[in-house]
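All values below come from the heavy atoms of this structure, side chains included, with hydrogens, waters and symmetry mates left out. From a predicted model like this one, the values you see are computed outputs, not experimental measurements.
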Amino acid sequence: SKVFWGLQLGVGFLLPILICMNRAMRGNVHAMGLAGFLIVAGLVGARLNLVIPAQIIPAFPSMTEVYHHVRWSYGYLPSNQEWLVGLGAVAIGFWLFLLARKLLPLEEVS
């Protein structure tokens, strides 16, 4: 409950709204950056609430003894194909950045 009410709703929702509603902070770039960082911290709290509790306890107590195979163990290491998919995703992102750098004007034209 502390992560939900404190981190997710308090830090990730209420504080950024208060920062954005404050007239003195509305034009301040650092305050808006802080509000964005607090929103990301609230998203981390949401992931803590949704993902981690579901993985702590197996769905069925005897589920760990049903299958005996290295691919179904609790210890996990990605396969070569999974590493290559991740590397490909990073390469596509890098390629798109280079393409945008080439096509979009980055300097002022005088």
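- Apart from W95 itself, the hydrophobic cluster it occupies contains I92, L96, L99, L103, where clustering links Ile, Leu, Val, Met, Phe, Trp and Tyr at side-chain heavy-atom distances under 4.5 Å.
- When hydrophobic residues (I, L, V, M, F, W, Y) are linked wherever their side-chain heavy atoms come within less than 4.5 Å, the members clustered with F97 are F94, L98.
- Within a 6.0 Å sphere centred on CZ of F4, heavy atoms belonging to other residues, nucleotides or ligands number more than 12.
- Every residue meeting the side-chain contact (heavy atoms from CB on, under 4.5 Å) condition with L34, not counting sequence neighbours, appears here in chain and number order: I19, L38.
- Under the side-chain contact (heavy atoms from CB on, under 4.5 Å) criterion, W83 pairs with P78, not counting sequence neighbours.
- Here V3 pairs with L7, L48, N49 under the side-chain contact (heavy atoms from CB on, under 4.5 Å) rule; sequence neighbours left out.
- Here the side chain of E82 pairs a donor or acceptor atom with the backbone of S79 at under 3.5 angstrom.
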Taking distance alone, no hydrogens or angles, what donor-acceptor pairs closer than 3.5 Å link side-chain atoms of residues 21-33 to residues at least two apart or in another chain?
| from | atom 1 | to | atom 2 | distance (Å) |
| --- | --- | --- | --- | --- |
| N22 | OD1 | A24 | N | 3.1 |
| R26 | NE | C20 | O | 3.3 |
| R26 | NH2 | M21 | O | 3.2 |
| N28 | OD1 | H30 | N | 3.1 |

